[in-house]
2 protein chains.
Amino acid sequence: MPGAKGEALITATPPGPGGRSTSAMDAKAGANLLFLREEEMRRAQDLLFFAYRDFTNAADEVLHELGLGRAHHRALHFIGRNPGITVSDLLGLLRITKQSLARVLNVLIAREYVTQAPGRADRRQRLLNLTPEGQGLERRLFDRQRERLAAAYREAGSGAVEGFRRVMRGIMDESARLYIDRSESSAGERRTQRA
Amino acid sequence: MPGAKGEALITATPPGPGGRSTSAMDAKAGANLLFLREEEMRRAQDLLFFAYRDFTNAADEVLHELGLGRAHHRALHFIGRNPGITVSDLLGLLRITKQSLARVLNVLIAREYVTQAPGRADRRQRLLNLTPEGQGLERRLFDRQRERLAAAYREAGSGAVEGFRRVMRGIMDESARLYIDRSESSAGERRTQRA
DNA sequence: GCAGTTACGGCAGCTACATTGACGTATCTT
DNA sequence: AAGATACGTCAATGTAGCTGCCGTAACTGC
């Protein structure tokens, strides 16, 4: 069975008989710089793909044994981080349709990971919260990813972490940045649940 | 139509009448540090989700008008970066099954974005390459993402970029790291195609 | 108090992307 | 000649997203 683990992903590309053609090397330094910047961008594509793939993957085992999918995990995550979030705010974060969310949410509510409560100010709203079981599951899932992330942070150092955050923030949409910034500033008092 | 753009994602959470309870503040500094580290990890979850969401999204418009999906883009990307890659190496990178890859690959070959050629050393292999049209399409897709990335890099500065790379590398699997490192070292001579 | 809008839920049907398992064929290796 | 490998393919299935449409309850404005 191929792809077990630790496989050699790519057959080593030989540098080729031409080697580095010194003749054309100093031809256009400007074009070379441009090429390097482009290479850098493509490398970032790789980074995003692999990091996201393996990071999300880390929680899959637990999800699978419960018959849940990544969509359920995402919902749990954002409800956990935003207790009392409304359905439409959650939709805005996930950027999926109402129907897609409804499917995962119904499962989470049926299994009592999530509760709904009518809003006090606006009773049309359904404020979402994690039950203790929901918090427990979210933690289990989180712990898998946490390990990976903690190792990466340790290796890279705190300066690198700050750079990581800056770049990631820059990649995302304006609306996501607002969300990120908002949640950064209220780091201390996230324990206040809304009924 | 909700979710147009620039919407207020989350209703601002009021700090609550309790405010910051100074009584319990200096109770356990150790637990607080632990909490901050955890907060940091959860924030990284957010970052990965939003950055990946919006980054991949950037190419979707072009893909959609051609009736292609993200899976096609991923295949184009990795074939473009690894000219002459074998099917099984590509499978190892994408971590999908042969059948899943076959479907997207067949489309790409039928539309003449990708060519297959039997390996010279091992004729069982089908070495994959982009046609000029394939390169053109990949570039079109890439350009959408490039813009976003370039802006993020500019804002963040080169120090941050290095940190970004270090953390992202740390998050991914060992095998992906090997791939990343290999492609870093051969930055110059990526023009050598294999038949 | 009525009209319009908003927040939410649900139905029907669709597409994209992935899965497993089994089997076939050409080719390389021993 | 036997076995392993690289690849292709068929059939069935599941998850996760989508659109369009309708309904209900509750809020808002005139």
Side-chain angles (χ1 to χ4, degrees), chain A residues 1-4 7-11 49 53 56-57 59-61 63-64 66-75 84-110 114 116-128, chain B residues 1-4 7-11 49 53 56-57 59-61 63-76 84-110 114 116-128:
Chain A
M1 192 181 290
E7 74 285 13
L9 288 173
I10 298 286
T11 325
F49 174 73
R53 181 195 69 177
T56 53
N57 234 313
D60 280 352
E61 199 184 336
L63 288 169
H64 188 76
L66 291 172
L68 299 174
R70 291 181 185 172
H72 301 94
H73 186 190
R74 288 194 286 272
I85 190 175
T86 65
V87 172
S88 65
D89 282 344
L90 186 52
L91 285 174
L93 287 177
L94 296 172
R95 296 261 185 97
I96 57 177
T97 58
K98 219 177 8 168
Q99 292 72 12
S100 297
L101 178 58
R103 198 177 17 209
V104 299
L105 218 44
N106 285 336
V107 171
L108 293 177
I109 290 167
V114 170
Q116 283 178 320
R120 280 175 312 201
D122 185 339
R123 286 185 319 193
R124 291 171 305 178
Q125 297 176 334
R126 304 293 170 100
L127 307 187
L128 304 171
Chain B
M1 190 181 292
E7 74 284 14
L9 288 172
I10 298 287
T11 325
F49 173 73
R53 182 195 67 177
T56 54
N57 233 312
D60 280 353
E61 198 184 336
L63 288 169
H64 188 76
E65 78 186 30
L66 291 171
L68 300 174
R70 291 180 186 172
H72 301 95
H73 187 189
R74 288 194 288 271
L76 279 175
I85 189 175
T86 66
V87 172
S88 66
D89 281 344
L90 185 53
L91 284 174
L93 286 178
L94 295 172
R95 296 262 184 96
I96 57 176
T97 58
K98 220 179 1 169
Q99 292 72 12
S100 296
L101 178 58
R103 193 175 19 186
V104 298
L105 218 43
N106 285 335
V107 170
L108 293 176
I109 290 167
V114 170
Q116 283 179 318
R120 279 175 314 204
D122 184 339
R123 286 183 320 192
R124 290 171 304 179
Q125 298 177 331
R126 304 291 170 98
L127 307 186
L128 304 172

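Letters go in sequence order (proteins before strands), and every chain restarts at 1.
- Remark: P of C:dA16 and CG of B:Asn106 are 15 Å apart, rounded to the nearest angstrom.
- Put simply, A:Gln116 has no side-chain N or O that comes within less than 4.0 Å of OP1 or OP2 on C:dC8.
- Remark: P of C:dC8 and CG of A:Leu94 are 13 Å apart, rounded to the nearest angstrom.
- For B:Glu65, the side chain to side chain donor-acceptor pair (under 3.5 Å) partners two or more places apart in sequence, or in a different chain, are B:Arg140.
- Residue whose closest nucleotide on DNA chain D sits further toward the 5' end, between B:Ala102 and A:Arg70: B:Ala102.
- OP1 or OP2 of D:dC7 sits under 4.0 Å from a side-chain N or O of B:Ser88.
- Rounding to the nearest 0.5 angstrom, the gap separating the CG atom in A:Leu94 from the CZ atom in B:Phe49 is 5.0 Å.
- Rounding to the nearest 0.5 angstrom, the gap separating the OG atom in B:Ser88 from the NZ atom in B:Lys98 is 10.5 Å.
- Applying the side chain to side chain donor-acceptor pair (under 3.5 Å) rule to A:Asp60 yields the partners A:Arg70; only residues at least two apart in sequence or on another chain are considered.
- Rounded to a whole Å, the CG atom of B:Leu101 is 14 Å from the C1' atom of C:dT19.
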Between the protein and nucleotides 27-30 of chain D, list the N/O to N/O atom pairs that are separated by less than 3.5 angstrom.
unit_1: D:dC27; atom_1: OP1; unit_2: A:Arg123; atom_2: N; d: 2.9

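- Helix bend of the helix from C:dG1-D:dC30 to C:dT30-D:dA1: the angle between its two end axes, each built from five pairs, comes to 30° after rounding to 10°.
- At a threshold of 4.5 Å between non-hydrogen side-chain atoms, the residues A:Leu68 and A:His73 do not count as touching.
- Counting to the nearest Å, the C1' atom of C:dA18 and the CG atom of B:Leu91 are 13 Å from each other.
- Rounding to whole angstrom units, CZ of residue B:Arg126 and P of C:dT25 are separated by 14 Å.
- Between B:Leu108 atom CG and D:dG8 atom P the separation is 13 Å, expressed in whole Å.
- If you check every strand for non-hydrogen atoms under 4.0 Å, A:His64 touches nothing.
- One distance of note links CD1 of B:Ile96 with CZ of B:Arg103; it measures 8.5 Å at 0.5 Å rounding.
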*Take B:Leu90 and B:Thr86, measure what side-chain contact (heavy atoms from CB on, under 4.5 Å) needs, and give me the verdict at the end.*
CA-CA 6 Å; B:Leu90 185 53; B:Thr86 66; over 6 Å; no

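- In this structure, the side chain of A:Asp89 does not engage the main chain of A:Ile85 through any donor-acceptor pair within 3.5 Å.
- If you take CG of B:Leu105 and P of D:dC7, they are 11 Å apart, rounded to a whole angstrom.
- Distance from the side chain of A:Gln125 is smallest to C:dA7 among C:dA7, D:dC7, C:dG9.
- Counting heavy atoms from C-beta outward, B:His72 and B:Leu108 have side chains that approach closer than 4.5 Å.
- For A:Val87, the side chain to side chain contact (heavy atoms under 4.5 Å, CB included) test picks out A:Leu91, A:Leu101, A:Arg126, A:Leu128, with sequence neighbours left out.
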List, with names and distances, any nitrogen or oxygen atoms from the protein found under 3.5 Å away from nitrogen or oxygen atoms belonging to nucleotides 17-21 of chain D.
unit_1: D:dG17; atom_1: OP1; unit_2: A:Arg74; atom_2: NH2; d: 2.4
unit_1: D:dG17; atom_1: N7; unit_2: A:Arg103; atom_2: NH2; d: 2.4
unit_1: D:dC18; atom_1: OP2; unit_2: A:Thr97; atom_2: N; d: 2.5
unit_1: D:dC18; atom_1: OP2; unit_2: A:Thr97; atom_2: OG1; d: 3.0
unit_1: D:dC18; atom_1: OP2; unit_2: A:Ser100; atom_2: OG; d: 3.1
unit_1: D:dG20; atom_1: O6; unit_2: A:Gln99; atom_2: NE2; d: 3.2

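- Atom CZ of B:Arg120 sits about 8.0 Å away from atom CG of B:Leu127, to the nearest 0.5 Å.
- Whole-Å rounding puts the B:Leu90 CG to C:dA18 P distance at 12 Å.
- The side chain to side chain donor-acceptor pair (under 3.5 Å) check on B:Asp122 picks up B:Arg124, with sequence neighbours excluded.
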